[in-house]
Each structure stands twice: as structure tokens, then as C-alpha cells.
Amino acid sequence: MLINHYIKKIKECYMMGWELMYEGKTKRVYVINDDNLAMEFKDVVTALDGVKKFHAPKKGVLNAAVSAHLFKLLESKGVKTHFISYDGGNIHIVRRLRIIPVEVIVRNYAYGSLIKRLPLFKEFEKLNRPIVEFHYKDDKLHDPLILPEDIVNLGLVSEKEVDELRSISLKVNDILLEELSSRGLKLIDFKVEFGRELDGEALILADEISGDSIRVVDEGGNHLDKEVFRRGGSVEALISAYSSLACRLGLTLRDLNVCS
Ligand SMILES: Nc1ncnc2c1ncn2[C@@H]1O[C@H](COP(=O)(O)OP(=O)(O)OP(=O)(O)O)[C@@H](O)[C@H]1O
Ligand SMILES: [Mg+2]
């Protein structure tokens with residue numbers, strides 16, 4: 001009840017200029033109170049670390065719906081996340097965290113920057129065991145790959161917590177792999193972020209998991225993720241791929257009229 005009240009309120013107050021805490025490339029973050037935030041998914045697709053921006057109608061609601069579905073699934077399987085609620089639009093209500101500036105990437109198949117770094121791998125080659133990478137979150141530095149020792153030396157997390165980041169991310173991988181493969185989809189890789197509550201130390205999964213942050217292909221090898229756009233596809237092709245991902249996950253998006 002309280003949450004529904006918040007959602008209604010946030011929509012009203014957003015229109016009226018609710019306090020904006022942060023505007024990123026693809027989301028706006030608003031303060032509800034000391035503990036809770038509203039995360040608005042924008043109808044924007046970016047390229048070149050945000051240097052190029054394009055209007056992408058329906059992208060916000062598609063990513064919000066996919067991410068809400070996956071966060072609810074992860075919560076139900078015991079992963080601690082920031083997710084509180086979602087009402088079908090383009091806004092998530094989440095717990096306010098102190099974000100750790102580290103992106104964790106988990107890879108099941110070789111693709112993208114892994115092949116650039118190590119051309120020994122072939123595109124789509126199945127990895128014998130998943131690779132977990134840590135990247136420092138900084139667009140100006142282009143999110144460089146960093147070592148666990150770098151993270152500890154920078155004082156971002158303790159040595160024990162690096163292991164924890166790795167094991168939670170691998171658990172997320174197992175859950176996503178199972179969910180996507182049950183829908184006939186192959187999870188190539190994904191990126192996640194973590195944070196801590198303002199008054200706590202526990203590591204909590206944050207941000208989003210959507211076509212913007214995962215790579216996933218269907219039986220025909222077609223990407224249902226941002227790769228469509230990175231490879232020169234149109235905004236319309238991207239929205240079509242994101243719609244397919246949402247529909248394949250069984251989401252009902254009647255208002256959008258995308259799933260037949
Ligand atoms: N629960 C949370 N509490 C606080 N901040 C969060 C939470 N979840 C996500 N964020 C942050 O909110 C922002 C969402 O905006 P967006 O994803 O558009 O940013 P971005 O352009 O990718 O930039 P950044 O490099 O900061 O992620 C990100 O900075 C993300 O780290
Ligand atoms: Mg982001």
C-alpha cells in the first residue's frame with residue numbers, strides 16, 4: 001500500500017520536479033526519502049560511452065520490465081538486491097545504496113572485449129568455466145579492466161568481499177542461465193553493479209539487468225540486446241530486439257502492443 005502510494009507520488013512529483021539526485025546515460029535517479037530512490041529508465045540509447053545519444057521510444061519501459069522480472073527472480077532465489085517494486089511503467093523503486101565503482105562482468109561465451117584482449121578466443125566459443133572480470137567504473141577511463149588486488153588496494157572492498165562479489169555474480173549467472181535457457185535463449189555475458197546500504201556493509205546487487213547490460217542470443221544467433229545497435233542497427237531494430245527479449249521472458253506488455 002505504502003509502495004503504491006510512493007509510486008503514485010513519485011509520478012506526480014516527477015512531473016512537478018521531484019528532486020533529481022543523478023542523471024546518467026540511460027536512467028534518472030530521484031530521491032524519495034533517506035532510504036528509497038526511484039530509478040527512471042529513459043527512452044535513450046547511447047553509443048561511444050555516452051558521447052552519442054539517440055531517442056529510442058519504448059526502450060525505457062522495455063528495460064524496466066525486463067530488469068524488474070530478473071531482479072524479482074534473483075530475489076526469489078536468495079540474491080540480495082536493491083529492488084523494491086515495479087508497477088509496469090518505466091520506474092523502479094529501489095533501496096538507496098552507496099554504489100561501489102566496480103562493474104563485474106561474467107562471461108559464458110567469448111565475445112567483444114575478451115576477444116580484443118585475448119584474440120586466442122573465437123567469437124561465441126563456449127568457455128570451459130565462466131570468466132569473472134572486474135572493471136573500474138569510470139567513463140573517462142573507459143571502464144578499464146582491473147585486478148582484484150587493485151580493488152583491495154584502492155580500498156573499494158576487502159579481500160574477502162572480492163571473493164563475495166565473485167561468488168554472488170556467479171550465482172546470478174547460474175540463475176540467469178537457467179531462466180534464459182528455459183526460454184530457448186543463450187546468455188553470452190552480462191555486467192552488474194553492487195552497493196552497500198547507507199548504514200550497512202552487506203554487498204547488494206544494484207542498478208539494472210536488461211538488454212543494455214547483457215548479451216543474449218536466440219536459436220538463430222540473433223542478438224536480443226544492445227549489440228544490435230553497436231553493430232550499426234537502427235533504433236527500430238534495437239527496440240524490436242528488446243521487445244523480443246521481453247516477450248521471450250513471458251512478460252505481458254499489452255499497453256505497448258509488442259508481444260503477439
Ligand atoms: N540502488 C542504488 N542506489 C544508488 N545509486 C544507484 C542504485 N542503483 C543504481 N545506481 C546508480 O544510478 C545510476 C543510474 O544511471 P545510469 O545507469 O544512466 O548511469 P550511467 O550513465 O551508466 O553512469 P554510471 O557510469 O554512473 O553508471 C548509475 O550511476 C548507478 O550506479
Ligand atoms: Mg549505467
Side-chain angles (χ1 to χ4, degrees), residues 37 39 63 66-84 92 94-115 117-118 121 124-138 141 143-183 185-217 225 249:
L37 301 175
M39 227 169 51
N63 277 4
V66 166
S67 193
H69 172 76
L70 297 175
F71 268 78
K72 278 187 215 162
L73 176 72
L74 292 165
E75 276 280 344
S76 75
K77 306 256 179 188
V79 177
K80 277 193 203 141
T81 83
H82 71 164
F83 182 80
I84 299 177
H92 286 193
V94 302
R95 253 174 285 283
R96 183 177 193 167
L97 303 179
R98 292 174 284 135
I99 294 291
I100 299 163
V102 171
E103 298 188 342
V104 185
I105 295 179
V106 182
R107 302 177 182 275
N108 297 301
Y109 294 84
Y111 206 91
S113 68
L114 172 61
I115 300 177
R117 182 169 67 83
L118 260 186
F121 290 114
F124 289 121
E125 178 181 341
K126 173 104 176 77
L127 302 169
N128 289 328
R129 50 180 284 200
I131 293 177
V132 179
E133 290 176 3
F134 299 104
H135 290 249
Y136 186 66
K137 206 167 119 58
D138 187 328
L141 300 178
D143 300 335
L145 181 71
I146 51 174
L147 303 174
E149 288 81 353
D150 294 327
I151 305 176
V152 176
N153 270 289
L154 289 168
L156 301 175
V157 301
S158 69
E159 213 165 317
K160 190 170 148 274
E161 285 172 330
V162 173
D163 292 341
E164 223 185 301
L165 286 178
R166 183 191 297 278
S167 63
I168 303 171
S169 303
L170 286 170
K171 178 169 179 179
V172 170
N173 188 42
D174 287 343
I175 296 166
L176 296 182
L177 273 173
E178 194 189 338
E179 167 69 358
L180 292 165
S181 72
S182 76
R183 317 261 178 188
L185 302 175
K186 198 152 91 174
L187 177 63
I188 308 301
D189 53 35
F190 64 91
K191 170 227 115 176
V192 282
E193 294 183 22
F194 292 86
R196 307 175 200 270
E197 277 177 326
L198 303 191
D199 57 354
E201 286 305 309
L203 298 171
I204 298 172
L205 189 74
D207 206 46
E208 67 174 292
I209 304 178
S210 71
D212 278 7
S213 57
I214 65 177
R215 288 198 184 98
V216 57
V217 295
D225 59 56
L249 288 171

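Worth knowing before you read on, the calculation uses all heavy atoms, side chains too, and leaves out hydrogens, waters and symmetry mates. Small disclaimer: the values here were computed from a predicted structure and weren't measured.
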What distance do [X] atom [atom1] and [Y] atom [atom2] have between them, rounded to the nearest 0.5 Å?
| X | Y | atom1 | atom2 | result |
| --- | --- | --- | --- | --- |
| E75 | K80 | CD | NZ | 10.0 Å |
| E178 | N173 | CD | CG | 11.5 Å |
| R95 | L198 | CZ | CG | 11.5 Å |
| L74 | I209 | CG | CD1 | 5.0 Å |
| S113 | L118 | OG | CG | 10.5 Å |

How about [X] and [Y]: do any of their side-chain heavy atoms sit closer than 4.5 Å?
| X | Y | answer |
| --- | --- | --- |
| L176 | V216 | no |
| L127 | L114 | yes |
| V66 | I214 | no |
| L249 | L180 | yes |
| D138 | P101 | no |
| I204 | F194 | no |
| V102 | V157 | no |

Summary of side chain to side chain donor-acceptor pair (under 3.5 Å) pairs that have at least one residue in residues 124-135, sequence neighbours excluded: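 Of all non-adjacent pairs touching residues 124-135, those that pass side chain to side chain donor-acceptor pair (under 3.5 Å) are R107-E133, E133-H135.
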Summary of side chain to side chain donor-acceptor pair (under 3.5 Å) pairs that have at least one residue in residues 205-215, sequence neighbours excluded: K27-D207, K27-E208, K59-D212, N63-S210, N63-D212, D189-R215, E208-S210, D212-Y242, R215-E227
Tell me every residue that passes side chain to side chain donor-acceptor pair (under 3.5 Å) with [X], counting only those two or more places apart in sequence or in another chain.
| X | answer |
| --- | --- |
| K137 | E193 |
| R117 | none |
| Y111 | H223, R231 |

All pairs passing salt bridge (Lys or Arg N to Asp or Glu O under 4.0 Å) where residues 145-157 contributes a residue, at least two apart: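 Pairs touching residues 145-157 that pass the test: none.
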Ion pair check, R196 and E161, cut-off under 4.0 Å: yes
Taking only residues two or more places apart in sequence, or in another chain, which ones meet [X] in a side chain to side chain contact (heavy atoms under 4.5 Å, CB included)?
| X | result |
| --- | --- |
| D163 | none |
| S167 | none |
| K171 | V79, I175 |

Under the ring pair (Phe, Tyr, Trp, His ring centres under 6.0 Å) test, residues paired with F190 that sit two or more places apart: none
Test ring pair (Phe, Tyr, Trp, His ring centres under 6.0 Å) applied to H82 - qualifying residues, sequence neighbours left out: F71
Which heavy atom of [X] sits nearest a heavy atom of [Y], and at what distance?
| X | Y | result |
| --- | --- | --- |
| P130 | V106 | CB-CG1, 4.1 Å |
| V162 | P148 | CG1-CB, 3.7 Å |
| A206 | G195 | CB-N, 4.4 Å |

Residues which pass salt bridge (Lys or Arg N to Asp or Glu O under 4.0 Å) with R98, listed by chain and number, not counting sequence neighbours: E201
Exceeds 12 heavy-atom contacts within 6.0 angstrom, atom NZ of K77: no
From CA spacing to verdict: side-chain contact (heavy atoms from CB on, under 4.5 Å), L203, I168: CA-CA 9 Å; L203 298 171; I168 303 171; 4.2 Å; yes
Partner of F134 under side chain to side chain contact (heavy atoms under 4.5 Å, CB included), chosen from L145, L147, L165: L165
